[in-house]
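Data block below; observations after.
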Amino acid sequence: MPGDNSNKVTILSTQFTYMNINAVWAKCKRRRGCRAIGEVTDNDIKQFIFNALVEVHRRINNYDIGGVAEDAVNKFRNFVKGLDNLIGTDDNTQDIISSNVEKLIHLINEVKEKWLKTHINDANKTIEDALTGKRKIYVVSGKYGSLFLKIRGELVSVEIEIKKNRKSITSQVYLRGLTLEMLEVPDILNLSEYELRNLKLGLRAGDGTMYRGKPAMKTRQIWQLVFWILLYPGRDKVAIRSLGFTKKGISITWFIYSDTHRETIRSKYEAFKELQKNPTPLSLLTLILSDGSIDLEKKNIKISAGLSNYEELDKALTGLMAQLGTNRRMSVKDNGAGIMLWNSNAVILARYIVNNLPDKLKHILDLLEEQIGLDKWSRLKALANMNIGHRHGSSQIEIYGIRFNVLLTDKTIQLRTWCGKGCDINELISTLNRHGVKFKQRNNNDVPEIYIPWSIIKKHNYMLSKIIEWLQQAMNNPEKSERIRTLAKKWLDKLSNA
């Protein structure tokens, strides 16, 4: 049942105002607490803080943890049943899996019981004391304009983020005194080290983190918790650290880390550097499942990276985008940044991922979709099955700012461009002359045409490098005809042996 204090804060909010709160600017360090560095004097900011406290108090008392806990328990039990039917584990392995699931269910029941008996009362008192000025509110100014509020109670700590627009808030209530469980996880996926390494790399570049030198993750998604456990067989330690309260409802936040494996990638920055070396379908799968979004109506994929790392993500994907012949653009807003792929570009990337995954992994993902609600996987599959249509300019390359069509046959390669309405042929000629590019010119139905034969292309290093890049894209582009892909491969083989 929701808390019975929902009316109390309404009364408090009429008796007190933002002038009563005790808010201080602070510097905070993990596991070391916060240190005040000055009083918050801006009345607008104090009003935002006051309003946020009132809203979080309302959410805490209006949202029911019982339904969320029951749904989580059912998902775990249904997944185990489906897993046994899928892979047919032996009795010993099935007993280990069942034991692990019961430990996870114990954590859910424990947090529900303690929240309803004691912790919700302490959360209410903590916020009420903050509203009346009895408890100090530590305020940290985020790098990109958000405000972070930290208030410590006896059994809980309340953390609130007020977004830069000051209209959106999220909150976490961290709970003390909860159990940490040890899981003994068998190797169910039976994937190669190469496959596991790439799957883990995508997670590390997404939601993964490091705890005391070990791979770790904090997540509200049950599918992500289960998938992480499958990727890290051995001893895993797991706990529920907090409850999240958003406009949509309440969520359980899990924290898990491996006691068996070590993490060598220390940051997202390093993860993107590793991804740049070889962005495989496996690593892109887990990156998109972690930090991506898929819109089937708009036919797009967005991969988020944060305002501090999006440029590194773009660099990591540059080679693959060239190989696939796809375009992307960076999306940078006040609340985050990432890489966007639209229409045919998104479809090609989805096909590159979905069509190159091991069958056993696909079956596990299908099970996560069916039993736990991994809808992002279903959207990725649906996107991969969409029609592309005509991709304008896909047989073009750019030479010194001039777009050329590529004519490819088994005997020759030519570059051609036409100078139609609004085009200055003298400007094109001047550009090519300035870069020492020889060419031939003729009129085609009274439209000036410039073409560059293979005999000239092969002697010009820059043009030759652009042709090789285009051939690589064409060979790996599933939307090119079989004839073009075959010709591209023949030319690449020919050039590599030259």
Side-chain angles (χ1 to χ4, degrees), residues 2-3 5 9 23-24 26-36 49 52-66 68-69 72 104 106-131 134-140 142 146-163 168-181 207-212 214 216-222 224-225 237-257:
N5 295 294
V9 78
V24 296
K27 287 187 176 180
C28 301
K29 291 186 178 180
R30 189 177 300 173
R31 293 190 291 273
R32 293 186 183 180
C34 296
R35 176 174 59 87
I49 293 171
L53 291 171
V54 172
E55 172 60 18
V56 171
H57 189 283
R58 184 194 67 79
R59 294 176 185 179
I60 285 173
N61 289 283
N62 287 353
Y63 295 161
D64 181 13
I65 192 175
V68 173
L104 295 174
H106 165 72
L107 292 177
I108 296 171
N109 291 331
E110 179 190 42
V111 74
K112 181 180 76 170
E113 180 180 346
K114 289 193 173 184
W115 175 250
L116 294 176
K117 282 188 176 181
T118 55
H119 286 59
I120 188 174
N121 295 327
D122 189 60
N124 280 319
K125 186 177 186 304
T126 300
I127 294 178
E128 290 159 10
D129 286 350
L131 284 168
K134 296 178 183 178
R135 198 177 295 268
K136 190 173 291 184
I137 306 165
Y138 293 97
V139 184
V140 178
S146 291
L147 296 176
F148 296 90
L149 316 182
K150 299 175 184 289
I151 316 159
R152 185 175 176 86
E154 297 299 321
L155 297 174
V156 306
S157 291
V158 179
E159 296 191 2
I160 302 171
E161 180 183 359
I162 306 174
K163 301 291 186 179
S168 175
I169 67 169
T170 59
S171 61
Q172 291 282 328
V173 179
Y174 289 86
L175 314 171
R176 290 189 281 279
L178 298 180
T179 303
L180 176 72
E181 290 281 9
D207 290 334
T209 186
M210 184 167 64
Y211 176 72
R212 297 178 180 176
K214 304 294 181 68
M217 176 169 285
K218 184 171 73 172
T219 180
R220 296 187 301 272
Q221 307 292 331
I222 292 180
Q224 195 169 42
L225 173 70
K237 293 185 177 180
V238 60
I240 294 174
R241 288 286 180 86
S242 65
L243 298 176
F245 296 88
T246 66
K247 288 180 68 174
K248 296 180 179 180
I250 184 174
S251 61
I252 295 172
T253 305
W254 299 83
F255 178 75
I256 186 166
Y257 70 95

Report yes if some heavy atom in the side chain of [X] is under 4.5 Å from a heavy atom in the side chain of [Y]; otherwise report no.
X: L175; Y: L155; value: no
X: E159; Y: Y174; value: yes
X: F148; Y: I160; value: no
X: H57; Y: N124; value: yes
X: I162; Y: T170; value: no
X: V24; Y: R35; value: no
X: K218; Y: T209; value: no
X: E181; Y: H106; value: yes

Mind listing the closest non-hydrogen atom pair of [X] and [Y] along with its distance?
X: V238; Y: L180; value: O-CD1, 3.5 Å
X: I120; Y: L116; value: CG2-O, 4.0 Å
X: C28; Y: K150; value: SG-CD, 3.6 Å
X: Y257; Y: K214; value: CD1-CB, 4.3 Å
X: V140; Y: A26; value: CG2-O, 3.7 Å
X: I222; Y: W254; value: CG1-NE1, 4.5 Å

For R152, is the CZ atom crowded, meaning more than 12 foreign heavy atoms sit under 6.0 Å from it?
no

Give a yes-or-no answer on whether the side chains of T253 and Q172 include a donor-acceptor pair shorter than 3.5 Å.
yes

Does either side chain, that of S157 or that of R176, offer a donor lying less than 3.5 Å from an acceptor on the other one?
yes

Do you know which of N62, I60, I65 makes side-chain contact (heavy atoms from CB on, under 4.5 Å) with I250?
I65

Exactly one candidate in I252, V173, I240 meets side-chain contact (heavy atoms from CB on, under 4.5 Å) with W115; the answer is V173

Over 60° means perpendicular and under 30° means parallel, so classify the ring planes of F255 and Y211, tilted if in between.
perpendicular

Could you name each residue pair satisfying salt bridge (Lys or Arg N to Asp or Glu O under 4.0 Å) that touches residues 108-118, not counting sequence neighbours?
E110-K114, E113-K117

Could you walk me through whether I137 and V139 pass the side chain to side chain contact (heavy atoms under 4.5 Å, CB included) test, one step at a time?
CA-CA 6 Å; I137 306 165; V139 184; 4.2 Å; yes

Side chain to side chain contact (heavy atoms under 4.5 Å, CB included) between L107 and L178, worked out
CA-CA 8 Å; L107 292 177; L178 298 180; over 6 Å; no

Step by step, would you call T126 with R135 a side chain to side chain contact (heavy atoms under 4.5 Å, CB included)?
CA-CA 7 Å; T126 300; R135 198 177 295 268; 3.8 Å; yes

Nearest 0.5 Å please: distance from the [atom1] atom of [X] over to the [atom2] atom of [Y].
X: R220; Y: S251; atom1: CZ; atom2: OG; result: 5.0 Å
X: E161; Y: S171; atom1: CD; atom2: OG; result: 10.5 Å
X: S146; Y: I169; atom1: OG; atom2: CD1; result: 12.0 Å

Check E128 with K125, please: is the shortest side-chain N to carboxylate O separation under 4.0 Å?
no

Got a donor-acceptor contact below 3.5 angstrom from the D122 side chain to the V156 backbone?
yes

Decide yes or no on side chain to side chain contact (heavy atoms under 4.5 Å, CB included) for I127 and V56, but give the supporting numbers first.
CA-CA 8 Å; I127 294 178; V56 171; 3.8 Å; yes

